[in-house]
Amino acid sequence: MPRAPIVPLVIIWFSLVLALCLQVMPLADGWQVYRPEWLGLMLIYWCMRTPDRVGVFHGFVLGILMDLIEGTVLGQHALIYALLAFLCALVYARFRAYSLVQQSALVLVLLGLMQLVAQWLRTIVGDFSIHLAFLIPALISALLWPWLATMFQALERRLAAS
């Protein structure tokens with residue numbers, strides 16, 4: 001596998017902050033459940049693409065920011081995104097060898113686990129729900145993965161060429 005071009009840390013952080021903005025952007029009440037997990041997708045992408053530069057620390061910091069923006073229990077999202085980054089660090093070697101369809105399936109599993117832990121934490125805090133609609137963002141995010149990964153790889157090649 002060819003070595004990935006080195007992406008400046010400014011671009012990585014800019015894309016993560018942009019994903020954070022997309023994650024908290026207001027939507028109509030009925031559409032909230034269909035919002036892709038933008039921050040999780042970007043965190044997975046950068047953890048898999050540059051595991052030596054993006055990891056658990058980034059997930060934790062982004063989670064704290066998400067907690068502050070949404071007004072949830074401090075540390076709830078930090079735990080979730082740090083766990084996601086840790087799981088990405090465990091599987092990144094295999095992930096890079098997979099096709100885009102296989103990567104999408106793994107993204108579905110990773111984000112599904114993340115959503116499951118988030119639901120578990122919400123249940124502990126007191127916001128209890130019994131339906132499985134909380135897994136819809138993971139499914140939509142997995143469907144978006146091939147497009148997102150292809151777009152960012154093309155962006156990386158363009159940055160490397162200039």
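Just so it is clear, the model here is predicted, and its values are computed rather than measured.
- Remark: Q103 engages W145 in a side-chain hydrogen bond (donor to acceptor under 3.5 Å, both in side chains) (not counting sequence neighbours).
- Evaluation of the ring pair (Phe, Tyr, Trp, His ring centres under 6.0 Å) rule for W31 yields Y34 as partners, not counting sequence neighbours.
- Residues satisfying the side-chain hydrogen bond (donor to acceptor under 3.5 Å, both in side chains) test with T72, not counting sequence neighbours, are D67, H77.
- With side-chain heavy atoms closer than 4.5 Å counting as contact, directly or through intermediates, the hydrophobic cluster containing F134 also holds L116, L132, L135.
- Minimum heavy-atom separation, L106 to Y98: CD2-CE1, 4.1 Å.
- The closest side-chain heavy-atom distance from P51 to C88 is not below 4.5 Å.
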Check: residues 12-29 side-chain donor-acceptor pairs under 3.5 Å, at least two apart:
unit_1 : atom_1 : unit_2 : atom_2 : d
S15    : OG     : I11    : O      : 3.3
S15    : OG     : I12    : O      : 2.8
S15    : OG     : W46    : NE1    : 2.7
Q23    : OE1    : W38    : N      : 2.8
Q23    : OE1    : L39    : N      : 3.3

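- In this structure, W120 has no ring pair (Phe, Tyr, Trp, His ring centres under 6.0 Å) partners at least two apart in sequence or on a different chain.
- Side-chain heavy atoms closer than 4.5 Å link hydrophobic residues (I, L, V, M, F, W, Y) into clusters, and following such links, possibly through other members, connects L83 to V109.
- The two residues V33 and A133 make their nearest non-hydrogen contact at CG2-O, 3.4 Å.
- Shortest non-hydrogen contact noted between L111 and S141 is CD1-CB, 3.4 Å.
- Looking at L74 and L68, their side chains come closer than 4.5 Å, going by heavy atoms from C-beta outward.
- A142 and L108 get closest at one heavy-atom pair: CB-CB, 3.7 Å.
- Every residue was checked against the side-chain hydrogen bond (donor to acceptor under 3.5 Å, both in side chains) condition with Q153, not counting sequence neighbours, and none meets it.
- Taking every heavy atom of both residues into account, A149 and L100 meet most closely at CB-CD2, 4.1 Å.
- Between Y92 and C47, the shortest heavy-atom distance links the atoms CB-O, 4.4 Å.
- Remark: Y81 pairs with no residue by the ring pair (Phe, Tyr, Trp, His ring centres under 6.0 Å) rule, at least two apart or across chains.
- By the criterion of side-chain heavy atoms lying less than 4.5 angstrom apart, applied directly or through intervening Ile, Leu, Val, Met, Phe, Trp or Tyr residues, I44 is grouped together with F57 in one hydrophobic cluster.
- Contacts of L155 classified as side-chain contact (heavy atoms from CB on, under 4.5 Å), with partners at least two apart in sequence or in another chain: F152, L159.
- With a 6.0 Å radius and a threshold of 12 heavy atoms from other residues, nucleotides or ligands, F60 has its CZ atom at or below the threshold.
- In the hydrophobic cluster analysis, where Ile, Leu, Val, Met, Phe, Trp and Tyr join through side-chain heavy atoms closer than 4.5 angstrom, V61 is grouped together with L9.
- Scored by the side-chain contact (heavy atoms from CB on, under 4.5 Å) test, V73 finds Q76, V125 as partners (sequence neighbours excluded).
- Within the structure, every pair that satisfies the side-chain hydrogen bond (donor to acceptor under 3.5 Å, both in side chains) test and touches residues 105-119, not counting sequence neighbours, is listed here: E37-Q115, Q119-R122, Q119-S129.
- Using a 4.5 Å cut-off on side-chain heavy atoms (C-beta onward), M48 and V91 make contact.
- Applying the side-chain hydrogen bond (donor to acceptor under 3.5 Å, both in side chains) rule to R94 yields no partners; only residues at least two apart in sequence or on another chain are considered.
- Linking Ile, Leu, Val, Met, Phe, Trp and Tyr residues whenever their side-chain heavy atoms come within less than 4.5 Å leaves I69 and I64 in two separate clusters.
- Linking ILVMFWY side-chain heavy atoms closer than 4.5 Å, directly or via other members, places V117 and M114 in a single hydrophobic cluster.
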